[in-house]
Amino acid sequence: MSGAHRGRHAVPPARYTACQTNEIKGMRASQFHISTTKETPNDAEIASHQLMLRAGFIRRLGSGLYSWMPMGLRVVRKIEAIVREEMNRAGALEVLMPSVQPAELWEESGRWEKFGPELLRLHDRHDREYCVGPTHEEVITDIARREIKSYRQLPINFYQIQTKFRDEVRPRFGVMRAREFIMKDGYSFNLGEASLQESFDSMHVAYCNMFDRMGLEYRAVEADSGSIGGAMSREFHVLADSGEDAVVYSTEGDYAANMEKAAVVSQGSRGEASESMASVDTPGVHTIAELAAQLQVDESRCLKTLLVQGTEETPVVALVLRGDHQLNEIKAEHLPEVASPLVMADAETIKAAANCDAGSIGPVGLNVPVIADADAALLSDFICGANENGKHLTGVNWGRDLPEPEVRDLRNVVEGDPSPVGGGTLKIVRGIEVGHIFQLGDTYSQSMGATVLDENGKPQTMMMGCYGVGITRIAAAAIEQNHDERGIVWPMAIAPFEAVICPINMVKSDAVREAAEALYAELLAAGVDVLFDDRPLRPGAMFTDMELVGIPHRFVVSDKLLANDEIEYRDRRQPESEVIARADVLSRIV
RNA sequence: CGGGGUAUAGCGCAGCCUGGUAGCGCAUCUGCUUUGGGAGCAGAGGGUCGUAGGUUCGAAUCCUGCUACCCCGACCA
């Protein structure tokens, strides 16, 4: 085609080259904006928030609202570039949808009602209702139903990288949980489950590629798919001690799951009853810890009984767990007998149902349905509340002193539990959720009428998958995982600059200036994204700044070193610097 | 939305208890010196003390309302 049209141009058209963010490489510090602080802002709680503020990456505008400053934006752009490349490589197509969305679409899907106050709603001058998009299922489904008419156009996967707004109850931790944030959201449209599974699998691979390239330690875990139902769902967590989620993984095999989802495999069998049931006085005992301490027994021999809201037929349900175990609320609210979302019974309800206060409830003689966790059901000669304030029962046995309970998996897994898949035992670590992929099925396509004609000319509702990545959250998560007492330690792929040149006393030494300029030119030519710190700063201030900002490679140029044709090199992760030959510079980074 | 806390210069804080007209460190600006781990000296600029009202001769300080922000519990990338 170029040949056919060339003749129409008096001058040959310019040759367009690929333009990616990374093409704009290099910077002189004197031409940039670096604003670091020595002191930690007092409202920043976690390391990433503190360091991003101190290093001048972000500035707060209002609650949950942050501006990205030039240094920080470089990180965001690099993360975006990696995400974009991996999405494109997986065959997804980039679009850009409006962030303001008409209410009508949300009414069609039913979410205008369902999505509570987290949805920021607004009116235009004609008093029409809109929302600022927290996500884009409605818009993309609207696009798909207009654009996609034939099964021949499927499968197709659209994505965008865009600002989202969620009116979080409590924004915190800086950009980790902001109200406005940048997200990559993608949506696949498929004909049939098998095709959906293929799209899902390809996204799983793409996500692994992204996080691998970013140099992050992460885990893909099984997750609860929420109200949508039994569809496939995977969360991607960056591992960091400050993470808000508990991630469970097996010491052997690939099993990994969110704590919410991790299944307990109950083992062992119930012992013989050897004691007879007796009542003991336990004045002032309200917790399992107090009970175990007073009776000199292990918490695992005690039962805790929680009353929760049930259904219309049985408004109150008792959930029974071993004293040392924690209730898994997600598992509980999935039970048909239990209200969803889970609501703990209030003091009045407890009084009415058990005739006592919260610290003294027990399953014996309790006139509500009793559902026991599998491990609680295995206990014999156990201790539990007597449904009378200040009293507990000892030597209690299922089947003898009270009916056998309904048995379910109700608890959180604990470290050392057997893995439900593939052997090994479970470990628990903290994670920050930075990605989530799941199969939506036909939830939106059904309610919004997104169909295609199949090969028989029959309309078929498309299946959908939904794939999210928290771009700005990744920046924060990467810092949580990679920092030390001096500042940030960026992985190379998402560092604001890959290397920095620090000249010593350049204002006085033309030799240092010339050598630093030459090194800058050489690194740029080699394609290194390098910052030339040409500010007239003393060395200490310069080093401290660059370590706070977290640039992975540092080259120091000084008269002393130049005399031997040497450069000092320091890897940000290493405790010491080393002197290397001038000629070896490139070998350290490229 | 419940519970707790804070609001004084760009940032971090003192002053408040016991009212008398605002101070320290960092940062900023000027000059000189300094230059391998956040330099020193000298000087300068910058605050209607969150906001509205009340008490008082007089309020940063005492009282009341409001607002904003932060922290702890139910949501999510």
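Every chain is numbered from 1 and lettered A, B, ... according to where its sequence line falls, protein lines coming before strand lines.
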Item to check | Polar side chain donor-acceptor pair, A:Lys164 to A:His136, under 3.5 angstrom | outcome: yes

Next on the checklist: Using a 4.0 Å heavy-atom cut-off, does A:Glu168 contact any base of the nucleic acid, only the sugar-phosphate backbone, or nothing at all?
Outcome noted: base

Next on the checklist: If I pick the C1' atom on B:U51 and the same atom on B:G2, what distance separates them, to the nearest angstrom?
Outcome noted: 25 Å

Checklist entry - Has A:Asn564 got more than 12 heavy atoms of other residues, nucleotides or ligands less than 6.0 Å from its CG? => result yes

Checklist entry - Can you tell me if A:Asn88 and A:Tyr159 form a side-chain donor-acceptor pair at under 3.5 Å? => result yes

Checklist entry - Do A:Arg77's NZ or CZ and the ring of A:Trp68 fall within the cation-pi criteria of under 6.0 Å and 45°? => result no

Checklist entry - Base, sugar-phosphate alone, or nothing: which one does A:Asn505 contact when heavy atoms must sit under 4.0 Å apart? => result base

Next on the checklist: Under 4.0 Å, heavy atom to any atom of RNA chain B: which of residues 469-489 of chain A qualify?
Outcome noted: A:Gly470, A:Arg473

Checklist entry - Within the structure, does a side-chain N or O atom of A:Arg60 lie under 4.0 Å from either OP1 or OP2 of B:C69? => result no

Checklist entry - Base, sugar-phosphate, or nothing for A:Arg179, non-hydrogen atoms under 4.0 angstrom? => result nothing

Checklist entry - P atom, B:U56 versus B:C13: distance in rounded Å? => result 36 Å

Item to check | Distance below 4.0 Å between A:Arg538 side-chain N/O and B:A39 OP1 or OP2 | outcome: yes

Checklist entry - Does a side chain donor of either A:Ser509 or A:Asp559 reach within less than 3.5 Å of an acceptor in the other side chain? => result yes

Checklist outcome for this item: Under a 4.0 Å heavy-atom cutoff, the residues of residues 540-561 of chain A touching RNA chain B are A:Gly540, A:Ala541, A:Phe543, A:Thr544, A:Asp545, A:Glu547, A:Arg554, A:Val556, A:Ser558, A:Leu561

Checklist entry - Is it true that the side chains of A:Ser233 and A:His436 contain a donor and an acceptor less than 3.5 Å apart? => result yes

Item to check | Candidate pair A:Gln162 and A:Leu96, rule side chain to side chain contact (heavy atoms under 4.5 Å, CB included), full reasoning | outcome: CA-CA 7 Å; A:Gln162 192 224 27; A:Leu96 183 58; 3.9 Å; yes

Checklist entry - When the P atoms of B:G25 and B:A44 are considered, how many whole Å apart are they? => result 14 Å

Next on the checklist: Pairing donors with acceptors under 3.5 angstrom, does anything connect the side chains of A:Asn328 and A:Glu260?
Outcome noted: no

Next on the checklist: In this structure, how many angstroms lie between the C1' atom of B:G12 and the CZ atom of A:Arg54, rounded?
Outcome noted: 12 Å

Checklist entry - What integer distance in Å separates A:Asp534:CG from B:U35:C1'? => result 16 Å

Checklist entry - If you look at every strand shown and take non-hydrogen atoms under 4.0 Å, does A:Arg177 touch a base, only sugar-phosphate, or nothing? => result base

Checklist entry - At under 4.0 Å between heavy atoms, what does A:Thr37 touch on the DNA or RNA strands: base, sugar-phosphate, or nothing? => result base

Item to check | Nearest-angstrom distance from the residue atom CG of A:Asn42 to C1' of B:A14 | outcome: 15 Å

Checklist entry - Over how many whole Å does the gap from A:Glu39 atom CD to B:C24 atom P extend? => result 16 Å

Item to check | Donor-acceptor pair present, A:Arg172 side chain and B:G73 base, under 3.5 Å | outcome: no

Checklist entry - Counting any heavy atom closer than 4.0 Å, what does A:Thr135 reach on the DNA or RNA strands: base, sugar-phosphate only, or nothing? => result nothing

Checklist entry - What pairs meet the side-chain hydrogen bond (donor to acceptor under 3.5 Å, both in side chains) rule with one or both residues in residues 52-62 of chain A, with sequence neighbours excluded? => result A:Ser35-A:Arg59

Checklist entry - Rounded to whole angstrom units, what separation is found between the NE2 atom of A:His33 and the P atom of B:U28? => result 12 Å

